[in-house]
Amino acid sequence: MEAEGRVPGPPPPPPLPPAGGGSGAGAGAELPASTPGAARVPLLGAPAEVLELDDEEDDLEVFSKDTSLAEANSFSPSMTISPSSMINQYKFEDEPELKDLFITVDDPESHITAIETFITYRVITKTSRGEFDSCEYEVRRRYQDFLWLKSKLEEAHPTLIIPPLPEKFIMKGMVERFSDEFIETRRKALHKFLNRIADHPTLTFNEDFKIFLTAQAWELSSHKKQGPGLLSRMGQTVRAVASSVRGGVKNRPEMFTEMNDYMETFSQKINVLDKIAHRIYKEEREYFNEMKEYGPIHTLWSASEEDIADSLKGIASCIDKCCKATEKRMAGLSENLLPILHEYVLYSEILMGVLKRRDHIQSELDSKIDALSNKKADKDLFSEEIGKLEDKVECANNALKADWDRWKQNMQCDMRLAFGNMADNNLHYYEECLATWESFLASQTVDRHGEEDSEDRP
């Protein structure tokens, strides 16, 4: 199968680790390039608009009612924190020492047809794996291609934790979904999604994932048509929902009951944190906008107050410096904290779905066992089906247990890093503002003493 942008040649030497950066899951430098025939979308660094949040007095109550997550989310001051340790830098005992698959999502481009307008993203893959025909690939993918990949991974691995994709519309009140801020936010999330998969010890070797990274657009379209039809997928969904409606699982192991309880608590906490963090960011933006108007007023006033003109100009300068510090603090919040919190809001939904799919497999086994006990005939046939279902349940349990431990380790590292970055940003912000105002006060003290000395002279 030919690939877009394939670079022939011998396999490359062992790849170097990717450059770390902020909260993104970087997997190699983003190379500047463009694809002819498409209009390039300019990207801006300004933070995106955030969700409008309703005020609720009970937001903070949940934190005082349940401390079951305290141990899991405890922060260790002795832990070394570095941006380069984020996301796809984690190393587990069962994973190779060196990465052999590097993926970059960049260069969004808009495409306008008679039917629709959509954005494609360049996906660059560099690898030294033997199962790939080349060491480098470059393809373009649109959002619905990422959705297809996620659904195929869920279909092939129903009890593994598939990384979340950004929602189709992630910002309330955002009318123009092709704005620069929206596109850049989505690009980062898609980049992280692919690198989460690449770092997973099982998902990384999925055949559909390989096809997604290497196939030309027409090849991918042809491959999509080979999968089960819409009615087949709907049938599977209906059966799973019907199973959950019939009632709880009879013989669910205690471990998975504890997982379910943990996720209910985690989901409650992370949703409240996400909501409050967005509210804080919204209020910080409003404060920043007010501050930008506050400083110039002092400068204008100084023109009509000659005796205190220097003091007024000094205050205006301090406010301007504090505005710049506030802007940096907002950037840190929108880049390092908000994306992580929202990603784990989506993860909580995914985990609950995975647990339901495991329960569905368990309930199939339970129903067969009940049918066998109530039916005299066809015992051999039922016994064979039960044996297959027992193997299926065991595989599902083992897969989920391994992925659960990996997910919790990732989550704890992400949270420690995000909260550590937030603390560091706050520290720098307050230190900068404090130093600015202390310098102003010191200058005023010197000026006052100078005036007193001049008055004392004969």
Side-chain angles (χ1 to χ4, degrees), residues 22-25 47-56 58-63 65-66 68-70 72-73 75 86-87 143 146-147 150-151 153-154 160-174 177 181-182 184-197 259-284 332-357 403-404 406-422:
S23 63
E49 292 297 322
V50 295
L51 291 167
E52 293 289 336
L53 300 168
D54 298 326
D55 293 331
E56 296 182 9
D58 60 341
D59 279 347
L60 295 173
E61 289 185 9
V62 294
F63 294 97
K65 295 179 180 178
D66 194 327
S68 61
L69 299 182
N73 291 329
F75 178 76
M86 272 294 281
I87 300 163
Y143 180 74
F146 288 85
L147 283 176
K150 184 173 183 290
S151 68
L153 293 174
E154 289 175 343
L160 289 183
I161 303 168
I162 312 300
L165 272 174
E167 301 97 326
K168 194 170 183 64
F169 298 98
I170 59 174
M171 285 163 278
K172 184 178 179 181
M174 178 71 74
R177 68 186 178 103
E181 294 85 358
F182 181 90
E184 175 63 5
T185 299
R186 174 169 286 182
R187 183 200 67 78
K188 290 179 179 178
L190 297 176
H191 178 91
K192 181 181 288 188
F193 169 73
L194 291 183
N195 279 280
R196 293 278 200 191
I197 296 171
M259 284 185 189
N260 195 74
D261 294 341
Y262 178 95
M263 285 313 304
E264 287 180 357
T265 303
F266 177 85
S267 179
Q268 182 189 34
K269 304 293 195 222
I270 201 68
N271 273 279
V272 173
L273 275 179
D274 181 59
K275 186 175 182 178
I276 294 175
H278 276 92
R279 183 183 300 159
I280 290 172
Y281 181 83
K282 179 175 178 285
E283 293 173 355
E284 193 85 0
L333 193 63
S334 66
E335 293 173 8
N336 299 325
L337 181 64
L338 297 183
I340 293 295
L341 291 179
H342 193 67
E343 182 185 20
Y344 280 95
V345 168
L346 300 178
Y347 258 128
S348 68
E349 297 170 2
I350 288 171
L351 260 296
M352 296 302 288
V354 169
L355 288 167
K356 286 180 180 177
R357 287 196 289 272
D403 230 21
W404 173 262
R406 186 178 299 106
W407 177 81
K408 283 189 72 174
Q409 185 174 355
N410 273 1
M411 180 271 291
Q412 291 165 6
C413 288
D414 281 351
M415 290 299 169
R416 288 190 183 107
L417 184 60
F419 294 142
N421 282 335
M422 180 184 69

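Values in this document were obtained by computation on a predicted structure and should not be read as measured data.
- H278 places a side-chain N or O within donor-acceptor distance of the main-chain N or O of D274, the cut-off being under 3.5 Å.
- For the atom pair CD1 of I350 and CD1 of I161, the computed distance is 9.0 Å after rounding to the nearest 0.5 Å.
- In this structure, I340 CD1 and M411 CE are separated by 12.0 Å, a value rounded to the nearest 0.5 Å.
- For E349, there are no side chain to side chain donor-acceptor pair (under 3.5 Å) partners two or more places apart in sequence or in a different chain.
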**OP:** Start with the C-alpha distance between V354 and L160, add both sets of side-chain angles, then the distance that settles side chain to side chain contact (heavy atoms under 4.5 Å, CB included), and finish with yes or no.
**Re:** CA-CA 7 Å; V354 169; L160 289 183; over 6 Å; no

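- For M422, the side-chain contact (heavy atoms from CB on, under 4.5 Å) partners two or more places apart in sequence, or in a different chain, are L337, F419, N426.
- A centroid separation of less than 6.0 Å is found between the aromatic rings of F266 and W407.
- Nearest heavy-atom pair, R186 versus P166, reported as atom, atom and distance to 0.1 Å: CG-CG, 4.3 Å.
- Nearest heavy atom pair, residue F193 against residue P164, reads CD1-O, 3.6 Å.
- The side chain to side chain donor-acceptor pair (under 3.5 Å) check on N271 picks up S267, with sequence neighbours excluded.
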Subject >> H342/E167 under side chain to side chain contact (heavy atoms under 4.5 Å, CB included): CA gap, chis, key distance, verdict >> reply: CA-CA 11 Å; H342 193 67; E167 301 97 326; 2.8 Å; yes

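- Annotation: ring-ring contact (aromatic ring centres under 6.0 Å, His included) contacts of F146 (sequence neighbours excluded): F212.
- Note: L333 CG to I280 CD1 = 7.5 Å, rounded to the nearest 0.5 Å.
- To the nearest 0.5 Å, the span separating CG on L346 from CG on L165 amounts to 9.0 Å.
- Every side chain to side chain donor-acceptor pair (under 3.5 Å) that N260 has, sequence neighbours left out, goes to E264.
- Residue Y347 holds its OH atom at 9.0 Å from CD1 of I162, rounded to the nearest 0.5 Å.
- One finds a salt bridge joining R196 and D414 here, because a Lys/Arg side-chain nitrogen approaches an Asp/Glu carboxylate oxygen to under 4.0 Å.
- A distance of 9.0 Å separates CZ of R187 from CG of L190, quoted to the nearest 0.5 Å.
- Here R279 does not pair with E283 in a salt bridge; the nearest charged N to carboxylate O distance is not below 4.0 Å.
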**OP:** Verify side chain to side chain contact (heavy atoms under 4.5 Å, CB included) between M415 and I270, making sure each step is shown before the conclusion.
**Re:** CA-CA 11 Å; M415 290 299 169; I270 201 68; 3.5 Å; yes

Original post:
Passes side chain to side chain contact (heavy atoms under 4.5 Å, CB included), L351 versus Y344? Steps please.
Top reply: CA-CA 10 Å; L351 260 296; Y344 280 95; over 6 Å; no

